[in-house]
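Each ligand, and each atom within it, is numbered from 1 in the order the structure gives.
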Amino acid sequence: MLSKTMQEALNEQVRIEAESSQVYLAMASWAEIQPGIDNITAFFYRHSDEERMHMLKLIHFINDRGGFAVVPALKQPALTFPSIKHAFESLLKHEIMVSESINHLVDIALQEKDYATHNFLQWYVAEQIEEEALARTMNDKLELIGDDKGGLYLFDKDILTVSVVEEEL
Ligand code: FEO
C-alpha cells in the first residue's frame, strides 16, 4: 500500500512524464515542417511515445499498489524553436529536470521505507542515465556541426542509427 506522501509524489511524476511526452510531441510537429530532417522528426515522435510509456508504467504501478493514479491537466509546451540545436538543448535541460525529479522520488521512497517503490524506481534511474547520455551526445555533435548544412544532413542520417542502437539496449 502506498503512503499518501508516496502516492502524491508518484502522481506528480505521472504529470512530469505526460508533460515530457507533450514537449517532445511539439518538437516532433515543429521538426516535421522543417525541410530535410525526417529522421530527427521520427526521433522526436518516438521519444514522445516513450514518455507516454513511462507515464503509463507509473499509472499501472500506483493503481496496482492500492493507490489512485490521477490523469493530469497539462500546460502547452513550447511550439517552435529558433533552431534544431535549440530544440536539442531544451531536450537535454528537460531530461536533467526529469532525473532530478526521479532522484527526489527515490529519496521519498527511502524516507517512507517503501522498498517496493524504491525497487520500481530503479528502472527510471537507469533510464535517465541513458536518456541524459544520449541527449548530451547529440548536443555535442550539434555543437561540432555548427552552421554546416552537410553536417546536419549527416546528423539526420546518424540519429537513425543512434535510435536503433538505443532500442536494442
Ligand atoms: Fe521519462 Fe525522458 O524521461
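Note on Ile108: it clusters hydrophobically with Val98, by side-chain heavy-atom contacts below 4.5 Å among ILVMFWY residues.
Vertex atom 2 (Fe) of ligand 1; arms to Glu95 OE2 and Glu131 OE1; angle rounded to 10 degrees, 80°. With atom 1 (Fe) of ligand 1 at the apex, Glu17 OE1 and Glu51 OE1 define an angle of roughly 80° (rounded to 10 degrees).
Taking the N/O/S atoms of His54 in turn, the shortest distance to atom 1 (Fe) of ligand 1 belongs to ND1.
Contact check for Ser99 versus Glu132: side-chain heavy atoms found under the 4.5 Å cut-off. Phe120 has its side chain out of reach of Arg65: every pair of non-hydrogen atoms, C-beta onward, lies at least 4.5 Å apart.
The two residues Asn11 and Ala69 come nearest to each other via the heavy atoms OD1-CA, 3.4 Å.
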